[in-house]
J.: 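Have a look at this one before I ask anything.
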Amino acid sequence: MTEQALTDKVVASFDTAKDDRFRELIQALVRHAHAFVRETRLTDGEWSAAIDFLTAAGHTTTDTRQEFVLLSDVLGISMLTVAVNEPGLGEADEATQSTVLGPFFVQDSPEIELGGDIAGGAGGEPSWVSGRVTDTAGKPVAGARIEVWEADDDGMYDVQYDHGTLAGRAHLYTDAEGRYRFWALTPTPYPIPHDGPVGRLLQYAGRSPMRAPHLHFKVTAPGFHPLITHIFVADDPYLDSDSVFGVKDSLIRPFTRHDAGTPTPDGREPEGSWTSASFDIALKKE
């Protein structure tokens, strides 16, 4: 009863908050955090270790690395937030599903023309990606902005290097029929950054840091609900153990491999093999 009385007192201390939503959030946080302490009988040493962990996450975070996003990802909170904010039933049944943003999105990526190449010098096997953006009734969405980004064949994003050059990312716009196309790199599995506190957490838990291979998409258009999603490579062994729980069956696509010398859709002549993938996107109206 003494423990519950303390919880009640702390919750009540926020009754005077002027913003209703803030009051709802902070009081719920207090109730759940206090319940966690009571359920686990948290010790002083364990709480001190938790503070040290969060402090280390703060020190690890930089302009190009967000350790708290990684923590949210590996705890499944990012995907749970996606789930509760997914468009509702009805029209959204036909909408493309969302997944996590991840820690490596960058504003103001280079613009490419339809059929352009996002690689920008990043290494990897070329991949031709194409599709259409429509509403949930199949009507094309012209001029939709498509942001795409991915890791190179070493499993590294451009912002993880010191050279400061953007690569493996770009944005483009759909044509009058909602169509898009571009050259990317065939996605490969890679570990999330695991040289910091989140990596130590995974190691201690016996969990893998590996992500299933994927290509990021962020699609926006006036009058439509923004979409943040991936496409994942079919038949990859990491689909069932993605470290951030981001895989959804509807987002898995075959990346068909073509031998060197096979004609490409735009007449390009890659030096070696290349892949192709198709991804149609349906946006929900606001």
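Starting from 1, each residue takes its place in the sequence as its number.
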J.: Report yes or no: do Trp47 and Leu71 belong to one cluster of Ile/Leu/Val/Met/Phe/Trp/Tyr joined by side chain heavy-atom distances under 4.5 Å?
T.: no
J.: Check for a donor-acceptor pair, side chain of His171 on one end and backbone N or O of Ser109 on the other, with a separation under 3.5 Å.
T.: yes
J.: Please check if any side-chain donor atom of Asp153 sits under 3.5 Å from a side-chain acceptor atom of Thr188, or the reverse.
T.: no
J.: Taking Leu227 as the starting point, is it possible to reach Ile146 by hopping between hydrophobic residues whose side chains are less than 4.5 Å apart?
T.: yes
J.: Going by atom type alone, with no hydrogens or angles, which donor-acceptor pairs under 3.5 Å involve a side-chain atom of residues 228-238 and a protein atom two or more places apart or on another chain?
T.:
residue, atom, partner, partner atom, Å
Thr229, OG1, Gln97, O, 2.8
His230, NE2, Arg211, NH1, 3.2
Asp236, OD2, Tyr238, N, 2.9

J.: For the pair Ser241 and Met210, evaluate side chain to side chain contact (heavy atoms under 4.5 Å, CB included) and give the outcome as yes or no after the intermediate values.
T.: CA-CA 8 Å; Ser241 60; Met210 296 301 293; over 6 Å; no
J.: List the atom pairs, donor and acceptor, that lie under 3.5 Å between side-chain atoms in residues 26-37 and the rest of the protein, sequence neighbours left out.
T.:
residue, atom, partner, partner atom, Å
Gln27, NE2, Val11, O, 2.8
Gln27, NE2, Asp15, OD1, 2.8
His34, ND1, Thr7, OG1, 2.8

J.: Taking 4.0 angstrom as the limit, do Arg179 and Asp175 come out as a salt bridge?
T.: yes
J.: How about Ser72 and Thr81: do any of their side-chain heavy atoms sit closer than 4.5 Å?
T.: no
J.: Working note: Asp266 + Arg181, criterion salt bridge (charged side-chain N to carboxylate O under 4.0 Å, His left out); need CA distance, chi angles, decisive distance, verdict.
T.: CA-CA 10 Å; Asp266 65 345; Arg181 56 193 177 274; over 6 Å; no
J.: Quick one: closest heavy-atom pair of Leu239 and Val247, and the distance?
T.: O-CG2, 3.6 Å
J.: Partners of Thr186 by side-chain hydrogen bond (donor to acceptor under 3.5 Å, both in side chains), sequence neighbours excluded?
T.: Glu125, Thr275
J.: Looking at Ser130 and Ser278, would you say the former's side chain and the latter's main chain have a donor-acceptor pair under 3.5 Å?
T.: no
J.: Tyr161 vs Asp154, test: side chain to side chain contact (heavy atoms under 4.5 Å, CB included). Steps then yes/no.
T.: CA-CA 11 Å; Tyr161 293 105; Asp154 289 325; 4.2 Å; yes
J.: Please say yes or no: joined through hydrophobic side-chain contacts below 4.5 Å, possibly via intermediate residues, are Leu283 and Leu215 part of one cluster?
T.: yes
J.: Is it the case that the side chain of Trp149 and the backbone of Tyr157 share a donor-acceptor pair, with hydrogens and angles ignored and the cut-off at 3.5 Å?
T.: no
J.: Which residue, Val244, Leu202, Asp195, forms the side chain to side chain contact (heavy atoms under 4.5 Å, CB included) with Pro209?
T.: Leu202
J.: When you look at CD of Glu286, are more than 12 heavy atoms from neighbouring residues, nucleotides or ligands closer to it than 6.0 Å?
T.: yes
J.: So, for Tyr190 and Gly155, which heavy atoms are closest and what is the spacing to 0.1 Å?
T.: CB-CA, 3.4 Å
J.: Has Thr174 got a side-chain atom pairing as donor or acceptor with Ala144's backbone, closer than 3.5 angstrom?
T.: yes
J.: Does Glu46, at its CD atom, have more than 12 non-hydrogen atoms belonging to other residues, nucleotides or ligands within less than 6.0 Å?
T.: yes
J.: Same hydrophobic cluster for Val106 and Val69, using side-chain heavy-atom links shorter than 4.5 Å among ILVMFWY?
T.: no
J.: Mind listing the closest non-hydrogen atom pair of Arg268 and Pro270 along with its distance?
T.: O-CD, 3.3 Å
J.: So which atom in Val82 and which in Lys248 form the shortest heavy-atom distance, rounded to 0.1 Å?
T.: CG1-NZ, 4.2 Å
J.: Find out if a path of hydrophobic residues (ILVMFWY) with successive side-chain heavy-atom gaps under 4.5 Å connects Val133 to Ile112.
T.: yes
J.: Quick check: do Leu251 and His214 have side-chain heavy atoms less than 4.5 Å from each other?
T.: no
J.: Treating Ser13 as the side-chain partner and Val10 as the backbone partner, does any N or O pair qualify as donor plus acceptor under 3.5 Å?
T.: yes
J.: Keeping the roles fixed (side chain from Arg207, backbone from Val74), state whether a donor-acceptor pair exists under 3.5 Å.
T.: yes
J.: Does atom CG of Asp249 have more than 12 heavy-atom neighbours from other groups under 6.0 Å away?
T.: no
J.: Would you confirm whether Asp280, through its side chain, and Arg132, through its main-chain N or O, come within 3.5 Å as a donor-acceptor pair?
T.: yes
